[in-house]
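First comes the structure, then the notes that go with it.
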Amino acid sequence: MEEIKAAIEAAVPGAGVELVLNPSVSAQHSLRIAPGRAVAVAMFLRDDPELAFDFLSNVTGVDWPDKEITEKVKVTHQVAKTIDGVEQTVDETVEEVRKHVEPGCLEAVFHLYSVAKKHGPLVLRMRTVNRTDQVELPSLTQVWRSAEFQEREVFDLYGIVFTGHPDLRRILMWDGFKDHPMRKDYVEPDDFEYEPTPHDEVLKRAQERRDKEQAAPAGTTRPPVAPAGNEGTREQRPVAE
Amino acid sequence: MAETARNFFGSYVSKDRLTTVEYPEKRIPTVENARVFPFLVYDGPEWEAGLRCVACQICEKECPPKCIYIDKSKDKKPDFVGKPQFYPARFDIDISVCMSCQICVEVCPFEAIKMDTQFELATDDRFAGLLLDRHELAKSNEYYRSIHPTEAGEVDARLNEEKVKAEAKAKAAAEAAAAKAAAATKPAEPAEGGD
Amino acid sequence: MSLAETKTERVEGWNRAPVIAPDGEGELLEVAMGPHHPSTHGVFRMDVTLDGERVIWLKPVFGYLHRNHEKIAEGASYLASMPYTDRLDYFCSLTNNWAYALAVEKLVGQEVPERAEYIRVILAELTRVQNHASSIGFLIQEMGASGTPLMYAFKEREKILDLFESLTGSRMMCNYMRFGGCRVDVSAAWLDATRKVVAGLPQFVDEFEALLSTNEILMARCQGVGVLRPDLAVNAGVSGPMLRASGVNYDIRKVDHYGIYDRFKFRVPLGDHGDIYDRYMVRVLEMRESIKILEQALPGLPAGPIMDAKAKIRGFRPKPGEAYGRIEAPKGELGFYLISDGGPNPYRYRVRPPSLINLTILEDMCLGHNVADVVLIFGSVDIVLGEVDR
């Protein structure tokens, strides 16, 4: 792994390459590369006769959400106090609770293999700056064609925008879909069940929505939800003692 | 052409080649290991008294689509072997969700839930008809033995072994208690005799 | 609509499919093939733009069967994801199970006893035989032989599925592999039944080949159609029989040495031209090689436990880390990428679907051919929508 890192740094100046250790038994360590020179690094990995990583096997997106870190800090203040009738400034040490948010990011992980030399896997990672507005990463489709559909899927499910991709559209969700379903903070819409089923949460949400709609004036053209008498809800059954 | 003729005329002669079964008048016998939906096993003649389930809720936690709903009872009731155990006040399985993966059977420590082989459960009530409660789920151990003979044989052997071990332990404990009681009364006698 | 008005730009370099200019007469026709289509192997749509009968633009559209399996796995424990993996490539549920079990075993360093390895190989090769048989059957059906060759292939498949049912309890959704071995042990009766089925397989493949390989219609429609260059195949991430039909010698059973495949002697069939006929022949020859492996594995099955004694079923919490495990599934390279954060559920669970990635160059293969060939080329890719969409 170290040799590959050294080779990349020698061939592509300015590529920020770090080794990320994998604590599990599989010992599949990865290299984190800076997005700026990623395409050059990829081309070097593919075209170098020794490494010959010509097979991009897998592109994965990972969501690392923001983390709120709370820590207790001892802070020393200068406080004006009256002691024995004399005004003095005294040092007081107080414990404060400080919270700060470590920004999360989105990450793309690439697994490379070599068909010519039959070795692998080499794992590359690229991180975006944050999860909200700066979510661009360079697309590796021009280096490995197999990234085409997989980067579209990562865009669809995570929201990473791959610059330079020839056809970046949603691939699994429909084109008008708004959110990115694989993110950790994704909230499922509760209007996708056409008819309620006896499971607790879905039934409750559907009933709440139906009550809200019955209170609001009719304007929706959606077919009505099944009436309450039809549902064999568990709440209506007597519990056997 | 020869293949077709072989199959066509052969179907009058050998049973293997006639692959049509006149369902529903005749049915193919189900394979012994087949799994369709779970059911609860009870020992003895009464289903409520003999239910093996002790509402430990392990199957509820491990079920992948979370189709089992259990409410534990507040009191304990003696089970078929006489030991007071909790019992499930409600045990519902939503078979419109159940994917017949058999994980609930694998993780149950009490051999209380097993897989049935009945699949003709169609009903026109989409919600209540497919939510089986514990009365509909409870089937006797004899039924279990009739559908899965080998498995039931192994399960019965294991449960008998446990029962024998429990009885042996109880007997040993009773003997130890009796010996202790006898030893407690003995020192009193020489004291009395000495008096 | 003229070609100039088409939607997206094409970037120079590898990912540019050759642009075919229409011959200038008449209009271009846009056809949506699917999602309700008898030949699209599931709910799958292809937006093709035609100049007469020739295809000059093709975009695959899928996602109709997307169930977000990866997010379900993040909310379920490691064991609870195992039945869901059956439903990825629903024709080959046992190889899906094995790939997932392999990835988890790599993550924690779990060892598998020898008997379990043998059973895994036997079941995986049986799966490969029945998958290739049904894939060829579907290909012939798409050529117009409505139903009978498919049912002929399915006859063998039924025998193999009956074996699966008597062992695992279910014909297709087997849920059989566990982390550290297999769920139930095989009985002597099952081994006898398997030996009988395997003994009948070579004759079946011979009959299949005798009926099909020199068939005029098959040769005329498949030779030279849908050619895939080997360098483009490797660059596009194509794997499995499609890659080997283009002449690239890459079989994960030989490269990664997973399981106990090193103990068996089998060859890897390669194609010369990379057209549909080569893919058909590679699948037939792979069936023969699988039968060879079965004939070696069945007598060699050792006695012993089928599950590692230290393996945990409940309360399985792997230490933090990640692992990527892959196997040679009948459709291609099926890989699972797991990131664990120490909890009972995986932090990230990713399926590397061979069917989706093999579809990347569907457009390149179909351009310039007739619409009827598109159906055949698509059938020769051999996809299953459960895997493409997850």
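Keep in mind that this is a model prediction, so the values were computed, not measured. Every chain is numbered from 1, with letters handed out A, B, ... down the list of sequences.
Heavy atoms of Leu167(C) lying under 4.5 Å from chain B belong exclusively to its backbone. Residue contact with chain B, scored on non-hydrogen atoms closer than 4.5 Å, is absent for Arg171(C).
The number of heavy-atom neighbours closer than 6.0 Å to CD1 of Ile217(C), taken from other residues, nucleotides and ligands shown, is 12 or below. For Glu22(B), the CD atom counts as loosely surrounded, since its 6.0 Å shell holds 12 or fewer non-hydrogen atoms of other residues, nucleotides or ligands. Within 6.0 Å of atom CD in Glu158(C), more than 12 heavy atoms from other residues, nucleotides or ligands are found, so the atom counts as buried in its surroundings. Applying the 6.0 Å contact sphere to NZ of Lys196(C) captures no more than 12 heavy atoms from other residues, nucleotides or ligands.
In this structure the side chain of Arg35(B) reaches within 4.5 angstrom of the side chain of Asn175(C), judged on heavy atoms. Taking the side chain as every heavy atom from C-beta outward, Ile103(B) and Leu79(C) approach each other to under 4.5 Å. Side-chain contact between Cys101(B) and Tyr84(C): absent, with no pair of heavy atoms (C-beta onward) separated by less than 4.5 Å.
Of all the listed residues (Glu62(B), Lys66(B), Lys61(B)), the one sharing the greatest number of non-hydrogen pairs under 4.5 Å with chain C is Glu62(B). No other option in Thr30(B), Ile58(B), Thr117(B), Thr150(B) has as many heavy-atom pairs under 4.5 Å with chain C as Ile58(B). Comparing Met115(B), Glu32(B), Glu106(B) by heavy-atom pairs within less than 4.5 Å of chain C, the highest count is held by Glu106(B).
Not one N or O on the side chain of Asn33(B) forms a donor-acceptor pair closer than 3.5 Å with the backbone of Thr168(C).
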